[in-house]
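Contents: one structure, followed by commentary.
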Amino acid sequence: MASMAQQFNGLRCAPLSSSRLSKPFSSRHLQNRARSLPVQAAVITSPIPSPLVKERFKLKEIFEEAYERCRNAPVEGISFTVEDFHSAIEKYDFNSEVGTKVKGTVFCTDSNGALVDITAKSSAYLPLQEACIHRIKHVEEAGIYPGLRQEFVIIGENEADDSLVLSLRSIQYDLAWERCRQLQAEDVVVKGKVVDANKGGVVAVVEGLRGFVPFSQISTKSTAEELLMKEIPLKFVEVDEEQSRLVLSNRKAVADSQAQLGIGSVVIGTVQSLKPYGAFIDIGGVNGLLHVSQISHDRISDIATVLQPGDTLKVMILSHDRERGRVSLSTKKLEPTPGDMIRNPKLVFEKAEEMAQTFRQRIAYAEAMARADMLKFQPESGLTLTTDGILGPMTPELPVEGLDLNDVPPAEE
């Protein structure tokens with residue numbers, strides 16, 4: 001075709017109308033045309049057509065064939081079929097029902113939300129309140145920027161322009177419930193921030209969800225106002241997504257933390273409040289009572305003369321009631337000499353670990369003596385008590401360094 005076009009470059013041909021092309025060019029048509037012409041015209045057309053005229057007729061036939069093919073078989077020889085067209089449509093079609101998850105790419109953000117391309121007929125919109133499970137002032141606070149490709153869930157449709165409304169908060173909400181169920185199964189202690197209160201308890205945020213902590217499950221005597229905006233240790237009591245019930249316990253979390261505190265341990269605490277009978281000390285999320293009788297060997301008539309709220313000090317754990325969530329503390333046992341907590345508290349804190357070690361040794365010796373008394377009725381045990389309060393062997397089969405009391409089996413009646 002290209003060579004033919006070059007040969008006849010400059011050849012001008014009148015445009016073919018649809019009426020003329022609709023009737024194929026034939027010899028009968030030429031004969032009828034010849035009869036209608038005068039004799040002179042017939043004589044003129046009788047000579048053999050020139051090569052230029054032949055090529056013109058040939059080109060005309062090519063145009064007529066192309067026209068017929070376009071009119072009767074427009075897709076003949078084309079690889080993209082109607083089936084391919086429908087498959088392409090199905091490839092980019094998706095279910096736009098509420099609750100359907102779709103992939104999308106953020107391409108525009110503002111103070112009200114973000115526009116998302118989800119390959120639909122129009123852009124989808126992510127409102128600010130649906131961008132995150134936490135309260136935010138701009139979507140960028142939730143890490144949403146142009147170019148972010150993320151999975152969203154359809155939550156509605158904007159009737160004004162038929163655009164879809166998306167949400168990330170719904171997806172995060174489901175993940176938060178799943179995380180809480182996992183934490184409950186593992187029975188772990190988590191931190192929750194108290195954000196609200198009512199007559200029955202306080203509301204704490206855990207994993208982005210608002211959970212209820214009844215006053216009966218709070219270990220401290222603090223009021224709701226005192227707990228507001230503070231983080232407290234919590235454990236899960238009930239996790240019910242269907243009923244939207246999330247119940248937490250501070251008392252169980254404190255009891256679990258107290259299990260890590262052994263009698264005679266020295267910990268650092270902060271004075272929270274003063275009462276006529278003693279001071280409440282915060283020892284890492286657990287409130288313990290430093291009774292007035294356990295502050296010093298010397299008598300104290302006014303606690304405020306020794307301690308003030310906010311003071312940091314070292315205390316020794318005397319006992320803890322895991323069921324009731326109570327811890328008893330002492331600085332009296334840490335005094336190098338009686339009355340040092342009143343006269344020189346700095347010395348008490350410097351010698352705290354040393355004095356606590358001495359206290360633990362006295363306790364261990366007392367326990368060893370008590371067990372030794374029990375073993376007097378069991379001479380077959382082959383054990384003897386050393387001057388250090390350790391049960392040692394009477395026979396070479398037992399270790400020379402002695403046996404810890406914790407390894408001695410209880411005596412049988």
From [X] atom [atom1] to [Y] atom [atom2], the distance as rounded to the nearest 0.5 Å:
X: Lys235; Y: Asn250; atom1: NZ; atom2: CG; result: 12.0 Å
X: Gln182; Y: Glu207; atom1: CD; atom2: CD; result: 9.5 Å
X: Ser163; Y: Ile118; atom1: OG; atom2: CD1; result: 9.0 Å
X: Arg210; Y: Ser244; atom1: CZ; atom2: OG; result: 12.5 Å
X: Ile283; Y: Ser265; atom1: CD1; atom2: OG; result: 9.5 Å
X: Met316; Y: Leu334; atom1: CE; atom2: CG; result: 5.5 Å

Just so I know, are the side chains of [X] and [Y] near enough to count as touching, which here means a heavy-atom distance under 4.5 Å?
X: Leu289; Y: Val327; answer: no
X: Val102; Y: Thr119; answer: no
X: Lys103; Y: Gln150; answer: no
X: Pro214; Y: Val247; answer: yes
X: Pro233; Y: Lys191; answer: yes
X: Ser167; Y: Phe152; answer: no
X: Tyr125; Y: Asn112; answer: yes
X: Gln272; Y: Asp282; answer: yes

State, to 0.1 Å, how close [X] and [Y] come at their nearest heavy-atom pair, and which atoms those are.
X: Val189; Y: Ala253; answer: CG1-CB, 3.8 Å
X: Ala131; Y: Ala142; answer: O-CB, 4.1 Å
X: Gly143; Y: Leu148; answer: O-CD2, 3.7 Å
X: Ala204; Y: Val213; answer: CB-CG2, 4.3 Å
X: Ala224; Y: Phe215; answer: CB-CZ, 4.0 Å
X: Val315; Y: Leu329; answer: CG2-CD1, 4.0 Å

Can I get a per-line list of side-chain donor-acceptor pairs under 3.5 Å for residues 350-360, giving both atom names and the distance, sequence neighbours left out?
from   : atom 1 : to     : atom 2 : distance (Å)
Glu353 : OE1    : Lys314 : NZ     : 3.4
Glu353 : OE2    : Lys314 : NZ     : 3.3
Gln357 : OE1    : Arg360 : NH2    : 2.9
Thr358 : OG1    : Glu354 : O      : 3.2
Arg360 : NH1    : Gly264 : O      : 2.6

Show the numbers, then the answer: is there a side chain to side chain contact (heavy atoms under 4.5 Å, CB included) between Ile155 and Leu166? CA-CA 6 Å; Ile155 61 172; Leu166 306 178; over 6 Å; no

Check this for me, if you would: do Glu61 and Lys58 make a salt bridge, where the nitrogen-to-carboxylate-oxygen distance has to be below 4.0 angstrom?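 Salt bridge absent between Glu61 and Lys58.
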
I'd like to know if Glu238 pairs up with Arg245 as an ion pair, taking the criterion as any Lys NZ or Arg NE/NH1/NH2 lying under 4.0 Å from an Asp or Glu carboxylate oxygen.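 Yes, Glu238 and Arg245 are salt-bridged.
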
Using modelled atom types and a 3.5 Å cut-off, is there a donor and acceptor pairing between side-chain atoms of [X] and backbone atoms of [Y]?
X: Glu186; Y: Leu183; answer: no
X: Glu178; Y: Asp174; answer: no
X: Asp187; Y: Gln184; answer: no
X: Asp311; Y: Gln308; answer: yes

Next on the checklist: Quick one, Ser170 with Glu130, criterion side chain to side chain contact (heavy atoms under 4.5 Å, CB included). Give me CA distance, side-chain angles, the key distance, then yes/no.
Outcome noted: CA-CA 7 Å; Ser170 298; Glu130 293 296 333; 4.2 Å; yes

For this session: Start with the C-alpha distance between Lys193 and Met229, add both sets of side-chain angles, then the distance that settles side chain to side chain contact (heavy atoms under 4.5 Å, CB included), and finish with yes or no.
Result: CA-CA 6 Å; Lys193 187 175 183 179; Met229 305 311 296; 3.3 Å; yes

* Short side-chain donor-acceptor distance under 3.5 Å, Asp302 and Thr305 ->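 The answer is no; no qualifying pair exists.
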
* To do: Evaluate the criterion side chain to side chain contact (heavy atoms under 4.5 Å, CB included) for residue pair Leu115 and Val106; output intermediate values, then yes/no.
  => CA-CA 6 Å; Leu115 289 174; Val106 177; over 6 Å; no

When Glu335, Arg343, Lys332 are each screened for side chain to side chain donor-acceptor pair (under 3.5 Å) with Ser296, the one that passes is Glu335

